Each structure stands twice: as C-alpha cells, then as structure tokens.
Amino acid sequence: MHFANRSFIFVPETKSIMIQRIQTLFLIGIAVCMGLMLNFTIWAENNVDGTEQMVLNAFESKKVALPYDAAVAPLASQSNIYIAGLAILAALVAIYSIFQFKNRLSQMKLGALNSLLMAATLGLSYYNIYLFEPAFSPQTQGSFLGGFFLPAIAMVLNMMSNRFIRKDEKLVKSVDRIR
C-alpha cells in the first residue's frame, strides 16, 4: 500500500496486467481466436445428391440429414474432444502468459509452448478432415470454414507477440548495460 500525493489518501495496490503493451493485445487476440474456434465449424462437405452433410467442429464430427434440423439426432457422430482440449489449453496458456509480464523469458517459453499447441490443433483438425473426406463422399470436395483458419490466425498473433516480447527483453538488457 502507498499514500498518494502526501494527502494521505489510501490507495490499495492492485495487480496489473499491463494492457498498454502491444504483446498483451496479441495474447488476448490468441485467446479470443482459440475460444472462437470452439464455436465455429472447421469443415463441412455435402454428399453428391445433397441429402447428407458431414460437419467437423472442435467437439465432434457428425453426419446430419439435410435440411439440417437441430432437434433431430445426427445420423452418425464421433467425438473430437481432443481438438477442443488443445484449443482451450492454448487459450489458457495465452491468458497465463499475459500475467507473466515481469518475466519475459517465461513469456517467450510460454509462447513457444503455445505455438506447439496451436500447430497440434491445426494438424489434428487437418488429419480428421483427411480421414473423413474420402470416407464420406469421395466424389465431392469439402470446404474449410472459419474454425479451421482461426488457429492459423492465432499462430500469426503468437509470432507477433513473441517478437515484441523479445524486443522488450533486448531493450531491458541494453538499458542494464548502460547502467
């Protein structure tokens, strides 16, 4: 606790998160992208006659009858909870990294870990698409949707965040040399 302006106004100390740093905004963007991935469809493909659709999201792969009715159970379903788990873990690592602003070396290590988590999320998504596409309807081509591109955007944000964290570390080292 400290007293402000010698007027004896009691101001409690709070733990700050340093929002003014650009890398903090990038880390928040990573958490938002990975959180949005949980809500968006990663990939979808219709069969040749347009009566069924295969849909892949972070939680499950399912085959549904068209026109789609949410009240009707899917024709087939398979869990993809590991993709959702990796996305949630990547978002949590990014949020935790925000609070490590005093230890830039730790932030850089967390950024490297987060890159691996996001690459694994993207790789597992692509692997599931590779498995399901020929099995469902080999004559038609599926389409990548927003949920597939969000981890790639988050990886770019992570790269930018790590760049600015390294830049801060170099600045602090150069100031320490001057003293």
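Counting from 1, the numbers follow the sequence of the chain as shown. All values reported here derive from a predicted model rather than from experimental measurement.
- Under the 4.5 Å side-chain criterion, counting only non-hydrogen atoms from C-beta, Glu133 is in contact with Gln141.
- Side chains of Tyr82 and Asn128: a donor on one and an acceptor on the other come within 3.5 Å.
- Ring geometry for Tyr130 versus Tyr126: interplanar angle under 30°, hence parallel rather than tilted (30 to 60°).
- Expressed to the nearest 0.5 Å, how far CE of Met54 lies from NZ of Lys62 amounts to 11.5 Å.
- Note on Val48 and Trp43: separate hydrophobic clusters, where clusters join Ile, Leu, Val, Met, Phe, Trp and Tyr whose side-chain heavy atoms are under 4.5 Å apart, directly or indirectly.
- The one candidate from Lys173, Arg104, Lys102, Arg21 that meets the salt bridge (charged side-chain N to carboxylate O under 4.0 Å, His left out) condition with Asp168 is Arg21.
- In the hydrophobic clustering of this structure, Leu36 does not group with Leu92; members are Ile, Leu, Val, Met, Phe, Trp, Tyr whose side-chain heavy atoms approach within less than 4.5 Å, directly or through other members.
- For the pair Phe26 and Met159, the minimum side-chain heavy-atom distance is 4.5 Å or more.
- Here Asn57 pairs with Phe59, Glu60 under the side-chain contact (heavy atoms from CB on, under 4.5 Å) rule; sequence neighbours left out.
- Between Phe40 and Leu150, the closest side-chain pair of non-hydrogen atoms falls below 4.5 Å.
- Using a 4.5 Å heavy-atom cutoff, the side chains of Leu122 and Phe148 are in contact.
- Distance check: Gln53 CD to Lys63 NZ gives 12.5 Å after rounding to the nearest 0.5 Å.
- Contact detail for Tyr96 and Leu110: the closest heavy-atom pair is CD2-CD1, 3.5 Å.
- Contact annotation: the side chain of Leu113 never approaches that of Lys109 to less than 4.5 Å [non-hydrogen atoms, C-beta and beyond].
- Distance check: Phe164 CZ to Thr24 OG1 gives 11.5 Å after rounding to the nearest 0.5 Å.
- A donor-acceptor distance shorter than 3.5 angstrom exists from the side chain of Asn47 to the backbone of Glu52, with no hydrogens or angles considered.
- In the hydrophobic clustering of ILVMFWY residues, with side-chain heavy atoms under 4.5 Å counting as a link, Met160 and Met155 come out together.
- Minimum heavy-atom separation, Thr140 to Asn46: OG1-O, 2.9 Å.
- For the atom pair Asp49 CG and Gln139 CD, the distance stands at 10.0 Å (nearest 0.5 Å).
- Put simply, Ile153 and Leu25 are part of the same group of oily side chains (I, L, V, M, F, W, Y) that touch within less than 4.5 Å, one to the next.
- Here the shortest heavy-atom pairing between Leu86 and Ala120 reads CD1-CB, 3.9 Å.
- Closest heavy-atom contact between Ala44 and Leu145: CB-CD1, 3.9 Å.
- Pairing each heavy atom of Gln107 with each of Ser97, the nearest pair is NE2-O, 2.8 Å.
- Under the 4.5 Å side-chain heavy-atom criterion for ILVMFWY residues, no single connected hydrophobic cluster contains both Phe101 and Met108.
- Considering CG of Asn158 and CD1 of Ile30, their distance stands at 4.0 Å, rounded to 0.5 Å.
- Closest of all the heavy-atom pairs between Leu157 and Cys33 is CD1-SG, 4.1 Å.
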Query raised in the report: Between Arg166 and Asn162, is a side-chain contact (heavy atoms from CB on, under 4.5 Å) present by the stated rule, with each step listed?
Result: CA-CA 6 Å; Arg166 270 193 312 277; Asn162 285 340; 4.0 Å; yes
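- A distance of 7.0 Å separates CZ of Phe132 from CG of Leu56, quoted to the nearest 0.5 Å.
- Contact annotation: the side chain of Met34 approaches that of Thr121 to within less than 4.5 Å [non-hydrogen atoms, C-beta and beyond].
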Requested in this report: Take Ile42 and Met37 through the test side-chain contact (heavy atoms from CB on, under 4.5 Å) and record every step on the way to the result.
Outcome: CA-CA 8 Å; Ile42 297 171; Met37 183 195 175; 3.7 Å; yes
